[in-house]
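Working notes, beginning with the structure itself.
Both counts, for ligands and for their atoms, begin at 1 and track the order of listing. Hydrogens, waters and symmetry mates play no part in the numbers below; they use all other heavy atoms, side chains included.
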Amino acid sequence: GANTDRKELKRLGIAMRKWEPCEVTVINYKKSGEEFWVNFSVTPVANEKGWFTHWISVEKDVTASKLAEMKLLELNESLQKHAKELSVSNAELEQFAYIASHDLQEPLRMVTSFLTQLEKKYGTVIDEKGKRYIAFAVDGAKRMRQIILDLLEFSRVGRMEDKLETVDLNEIMNEIKILFRKEIKDKHATVLIAPLPKITAYKSPLRQVFQNMVSNALKYAATDVPCQVEINVQESKTHWQFAVSDNGIGIDREYFEKIFIIFQRLHNKDQYSGTGMGLAVSKKIVENMGGKIWVASEEGKGSTFYFTILKIST
Ligand code: ADP
């Protein structure tokens, strides 16, 4: 028939002339002209003297599985194409975020600096209302600066050329405790740290993740009970799994995914400071390290943030 693969048929012919086993799958035609896929397999059979005398041949209609196989190949190809397109658009998006946040800093500095000048030079002529307006504008500019810095940091994750090193996580946690000593003291918090491993990792992004987790555990503490933060670790064959628990305000199940998206937060800035970038940055870092991050929490009881990182053997 027209679509029958001649080469395959020829291969079968050659094999049979040499008394070799062979299997081919080709398109064949029914009387009605309808195509179907048929699988021929031929095996030579020898007599007791070792001479090949005849064939065992098996013929199967494999149309269904052949079609499924072709569909799968097609699907696979289109998936690969999409994956490539996605990675291109992702890279472009990152480039955009980087350039935008970087370039926005300069005009913002101008706004802030001229507002300051205005206040300094014309402080005597501007009335109270005018001064309040300036203060609002300065405040807005400050927040914008923080957002830009956060965005810059987010787009920088994975761009920085960190080097792999042996990281003692106990040391990192001690540094973090020192960094937050004021918050720990103010909230009468206890920070319990299980013995942690020394691992091969990119130190500063990893420290950033622990720092963000601890910072949140302290920030979102409950007001009626003393704050308790716990750091634990579990080892699996392929990953390290860390858990940062608190007995703070907790999170409604509805927001378990949302909180990891950039600029998504559940409170306004007057309630709790922040821009909603910490968890997004942490997620990006963790995923760059071959891991996952997720939360388990109950409102009013506390939260546990889990994250894994892929073990790197040296
Ligand atoms: P930010 O703290 O700047 O808002 P994050 O990305 O770190 O940004 O957190 C996003 C949101 O997730 C927070 O606004 C808060 O509502 C919630 N969240 C994060 N950590 C905790 C925690 N330990 N307990 C309760 N809520 C939390």
Side-chain angles (χ1 to χ4, degrees), residues 94 97 101 139-158 172-173 176-177 179-184 186-194 204-233 241-289 291-309:
E94 252 170 43
S101 46
D139 191 46
K142 263 193 206 147
R143 284 211 325 268
M144 190 162 159
R145 185 181 127 80
Q146 193 52 53
I147 290 170
I148 289 171
L149 287 178
D150 285 348
L151 197 57
L152 201 56
E153 187 194 331
F154 182 76
S155 63
R156 268 192 189 134
V157 173
I172 295 233
M173 279 315 304
I176 291 176
K177 262 171 87 171
L179 187 70
F180 290 115
R181 63 183 178 278
K182 186 172 182 306
E183 286 82 354
I184 292 175
D186 290 351
K187 304 224 165 173
H188 303 287
T190 42
V191 182
L192 274 177
I193 305 164
S204 40
L206 188 60
R207 182 203 284 125
Q208 184 72 54
V209 176
F210 276 103
Q211 191 175 310
N212 290 350
M213 300 289 113
V214 173
S215 161
N216 281 346
L218 294 167
K219 180 159 58 163
Y220 300 104
T223 44
D224 51 344
V225 286
C227 172
Q228 278 191 347
V229 185
E230 246 187 80
I231 322 285
N232 285 296
V233 63
Q241 179 181 308
F242 301 98
V244 181
S245 325
D246 63 57
N247 58 344
I249 60 172
I251 302 160
D252 189 311
R253 170 171 299 277
E254 190 188 337
Y255 304 111
F256 282 5
E257 312 261 326
K258 195 180 158 192
I259 52 172
F260 293 99
I261 297 170
I262 59 170
F263 297 133
Q264 295 282 348
R265 46 201 325 257
L266 309 179
H267 313 275
N268 62 42
K269 65 170 174 53
D270 304 319
Q271 255 179 314
Y272 296 96
S273 65
T275 54
M277 202 54 139
L279 288 178
V281 166
S282 303
K283 180 170 194 264
K284 205 172 162 195
I285 292 174
V286 164
E287 285 176 356
N288 271 341
M289 295 184 180
K292 283 194 180 100
I293 187 167
W294 68 98
V295 67
S297 179
E298 205 177 317
E299 247 182 319
K301 293 236 167 102
S303 315
T304 302
F305 283 86
Y306 296 94
F307 64 96
T308 59
I309 64 169

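- Here the side chain of K219 pairs a donor or acceptor atom with the backbone of S273 at under 3.5 angstrom.
- Between the side chain of D139 and the main chain of K142, no donor-acceptor pair closer than 3.5 Å is present.
- Numbered from 1 in the order shown, with element, the atoms of ligand 1 that lie under 4.0 Å from a heavy atom of K219 read 1 (P), 2 (O), 3 (O).
- When only interatomic distances are considered, the shortest N/O to N/O separation between Y220 and ligand 1 falls below 3.5 Å.
- Remark: among candidates N216, V244, I261, the nearest residue to atom 7 (O) of ligand 1 is N216, based on non-hydrogen atoms.
- Against a heavy-atom cut-off of under 4.0 Å, T275 is close to the following atoms of ligand 1: 3 (O).
- Heavy atoms of other residues, nucleotides or ligands lying less than 6.0 angstrom from CD of E257 number 12 at most.
- Considering only non-hydrogen protein atoms, atom 5 (P) of ligand 1 sits nearest to L279 N, 3.6 Å.
- Among protein heavy atoms, the minimum distance from atom 4 (O) of ligand 1 is reached at R265 NE, 2.6 Å.
- The protein heavy atom nearest to atom 23 (N) of ligand 1 is D246 OD2, 2.8 Å.
- For M277, every heavy-atom contact with ligand 1 shorter than 4.0 Å involves the backbone, none the side chain.
- At a heavy-atom cutoff of 4.0 Å, ligand 1 is contacted by no atom of N212, backbone or side chain.
- R207 places no side-chain N or O within donor-acceptor distance of the main-chain N or O of I176, the cut-off being under 3.5 Å.
- The protein non-hydrogen atom at the shortest distance from atom 8 (O) of ligand 1 is G276 CA, 3.0 Å.
- Side-chain atoms of F242 and M213, non-hydrogen and from C-beta on, never get closer than 4.5 Å to each other.
- Listed by atom number, the atoms of ligand 1 under 4.0 Å from G250 heavy atoms are 25 (C).
- Summarising the geometry, atom NE2 belonging to H188 is positioned 11.0 Å from atom SG belonging to C227; distances are rounded to the nearest 0.5 Å.
- Side chain of N247 to backbone of G302: no donor-acceptor contact under 3.5 angstrom is found.
- Counting heavy atoms closer than 4.0 Å to ligand 1, residue I251 contributes side-chain atoms (C-beta onward) but none from N, CA, C or O.
- Each of the following atoms of ligand 1 lies closer than 4.0 Å to a heavy atom of G274: 3 (O).
- For ligand 1, the polar-atom distance check finds no N/O of Q264 at less than 3.5 Å from any of the ligand's N/O atoms.
- The closest approach between a heavy atom of G248 and any atom of ligand 1 is not below 4.0 Å.
- Using a 4.0 Å cut-off between heavy atoms, F305 contacts ligand 1 through its side chain alone, with no backbone atom that close.
- Checked by distance only, ligand 1 and G278 come closer than 3.5 Å through their nitrogen or oxygen atoms.
- Counting protein heavy atoms only, atom 12 (O) of ligand 1 is closest to I259 CG2, 3.2 Å.
- Formation of a donor-acceptor pair under 3.5 Å by the K187 side chain with backbone atoms of L218 is found in this model.
- Residue-ligand proximity, S303 to ligand 1, at heavy-atom distances under 4.0 Å covers atoms 24 (N), 25 (C).
- Residue-environment remark: CZ (R265) exceeds the threshold of 12 foreign heavy atoms within 6.0 Å.
- T275 places no side-chain N or O within donor-acceptor distance of the main-chain N or O of I147, the cut-off being under 3.5 Å.
- In this structure, F180 CZ and S215 OG are separated by 4.0 Å, a value rounded to the nearest 0.5 Å.
- Remark: side-chain polar atoms of K258 are not paired, donor with acceptor, to backbone N or O of Q264 under 3.5 angstrom.
- Of all atoms in ligand 1, numbered sequentially from 1 with element shown, those under 4.0 Å from a heavy atom of L266 are 14 (O), 16 (O).
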